[in-house]
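Take a look at the structure set out below.
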Amino acid sequence: SLCLVGSLYYFIPLSALDRSIPVRALTGKMTFQWGVAGAAYQIEGAHDADGKARSIWDDFCKVPGAISDGTSAEVACDFYHRYEEDIELARAAGFKHFRMSISWPRVIRDDGQPNEAGIAYYSKVLDALEKAGMEPCVTLYHWDLPSSLQTAEMPGWMSPQIIDKFMAYATLCFERFAGRVPMWITFNEPAVFVFGGYQGGWNAPGVRQSVAEALVAVRHVLLAHAKVVALYRSRFQNGDKTKKIGITLNTRHYKAVDASDTAAKGAQHMLEDRIACWSDPVVFGDFPESFKATHGGSTALGLSKLEQEALRGSIDFLGINYYTTSGIQEDSPAGAGSAWKVVELGEASGASWLHSYPQGLIELLRWLSGRYPGLDVVITENGFCTPGDDPKAVEDDVRVRYYQDHTNIVKQAIDEGLPLRGYFAWTLLDNFEWAGGYEERFGMVHVDFNDKMLPRTVKSSYRWWQQFLEKS
Ligand code: LGS
């Protein structure tokens with residue numbers, strides 16, 4: 001078609017991507033939900049209990065230097081044996097929603113057969129949640145791939161075979177648990193496990209290679225997502241609007257901090273490069289033009305019409321893990337060029353590397369609602385980190401302030417009419433913070449990992465949530 005803009009003709013190719021929002025994402029609004037989030041590998045421990053197979057994180061922890069304090073999650077919080085007590089803590093805080101993940105190697109054996117003992121454990125966890133009056137939100141993949149799928153012949157997410165393996169795993173989870181789980185997340189932070197695991201190497205499986213090579217894994221994750229969502233919708237969701245499936249992205253916000261065009265363009269570039277490269281495919285069915293241009297010529301980013309159709313509209317909600325914001329500033333002599341740089345924003349508390357910038361959350365929500373009008377968004381993680389050796393660990397006033405500031409923004413976002421449907425705090429228990437070991441603590445409940453009994457002690461932030469949820 002041809003369209004006239006001022007005195008200029010713009011030719012819009014007929015094959016241009018349709019950027020209207022698929023209807024599905026606009027229907028069945030959720031009521032707002034407050035919850036607490038966690039992940040299997042970080043809390044469960046019981047690394048070889050009841051027939052559990054090994055995961056790439058069990059292996060990665062054995063690599064010298066991979067984990068900053070040389071620890072592993074073989075025991076972690078021992079949630080596997082103490083889930084009743086910990087679920088009771090979450091209930092007593094007043095949370096009505098509980099985000100958890102299923103450990104793939106716990107429910108499927110290396111020979112591909114279901115591990116009934118592992119399945120029985122999750123069934124008991126779901127029972128305990130139901131008894132406690134909490135709704136589960138279940139992440140299928142929070143990074144612990146079975147080691148048997150990360151080999152020379154089958155290199156994990158780099159292999160196209162992973163799509164069918166993930167389908168088989170998801171099918172099992174849906175068959176056994178879909179009746180009791182109203183909210184599913186296919187992947188947690190694909191950018192982190194793809195680029196951390198298959199490019200930078202700071203996450204399992206620790207592969208170091210170029211970004212161009214890692215794009216193959218991006219493609220496989222997206223195609224696996226689309227297939228699993230199609231399966232869920234046709235066999236398990238059956239048009240029931242109370243049942244949802246989505247994806248969770250790591251969403252650091254990028255904000256222009258000067259009035260230059262360069263900074264505005266830089267911030268937009270970063271948001272597209274880090275966030276829209278995942279959210280555009282699952283909403284519109286294709287990568288942003290800027291992302292394709294950055295990785296010019298990558299065949300991994302070329303999606304067929306069928307693949308685009310499968311991806312388009314493949315989320316009922318977008319999960320975002322929001323922790324912080326980076327500033328983007330012009331980085332050249334006044335007015336001279338197009339270079340920009342990333343600068344830290346907000347408060348760098350002495351106790352932490354995490355800069356608190358609550359305002360960034362609402363700015364990000366506005367950006368998302370501008371790009372994807374009407375799309376339901378759920379904050380699937382938000383929380384604050386303090387060091388493991390903090391002598392004031394239990395009186396965590398900095399964390400209280402962080403939660404206070406961010407929940408205020410959540411309320412503001414709702415008042416503004418932004419389609420924000422839920423918020424999950426990260427996290428209930430101090431736990432194994434991946435490559436950060438036990439040195440980085442996000443819990444509202446302290447766990448003493450030096451004591452074999454792993455005693456739990458509630459922090460000020462836990463009591464703050466208790467009061468906050470009582471009023472909400
Ligand atoms: O434990 C993880 C949390 C903690 O902080 C969780 O498993 C992940 O899904 C998620 O990545 N998590 C997380 N991310 C925060 C990254 C903050 C980045 C700020 C860096 C400043 C230098």
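Remember, it's 1-based here, ligands and their atoms both numbered in the order they're listed. It should be emphasised that the depicted structure is a prediction, and the values quoted were computed from it without experimental measurement. Values reported hereafter were calculated over all heavy atoms of this structure, with side chains retained and with hydrogens, waters and symmetry mates removed.
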Please state which part of Asn188 comes within less than 4.0 Å of ligand 1, counting heavy atoms only: side chain, backbone, both or neither.
side chain
With a 4.0 Å heavy-atom cut-off (strictly under), which part of Asn250 contacts ligand 1: side chain, backbone, both or neither?
neither
For ligand 1, which atoms sit closer than 4.0 Å to a heavy atom of Gln42?
1 (O), 2 (C), 6 (C), 7 (O)
Any side-chain donor paired with an acceptor under 3.5 Å for Thr324 and His355?
no
Got a second to check how far Leu428's CG is from Ile43's CD1, nearest 0.5 Å?
8.0 Å
Number the atoms of ligand 1 from 1 as they appear, then name those within less than 4.0 Å of a heavy atom of Arg252, with their elements.
18 (C), 19 (C), 20 (C), 21 (C)
Regarding Tyr254 and Thr325, is there a side-chain donor-to-acceptor distance under 3.5 Å anywhere?
no
With Phe187, the ring-ring contact (aromatic ring centres under 6.0 Å, His included) member among Trp278, Phe166, Trp143:
Phe166
Using 0.5 Å steps for rounding, measure from the CZ atom of Arg106 to the OG atom of Ser55.
9.5 Å
Pick from His355, His142, Glu433: the one approaching atom 4 (C) of ligand 1 most closely through a non-hydrogen atom:
Glu433
Does Trp143 reach ligand 1 with a nitrogen or oxygen that is under 3.5 Å from one of the ligand's nitrogen or oxygen atoms?
no
Note: ligand 1 atoms sitting under 4.0 Å from heavy atoms of Phe442 are 4 (C), 5 (O)
Go through ligand 1 atom by atom and flag the ones less than 4.0 Å from a non-hydrogen atom of Asn321.
9 (O)
Side chains of Ser356 and Arg401, donor plus acceptor under 3.5 Å:
no
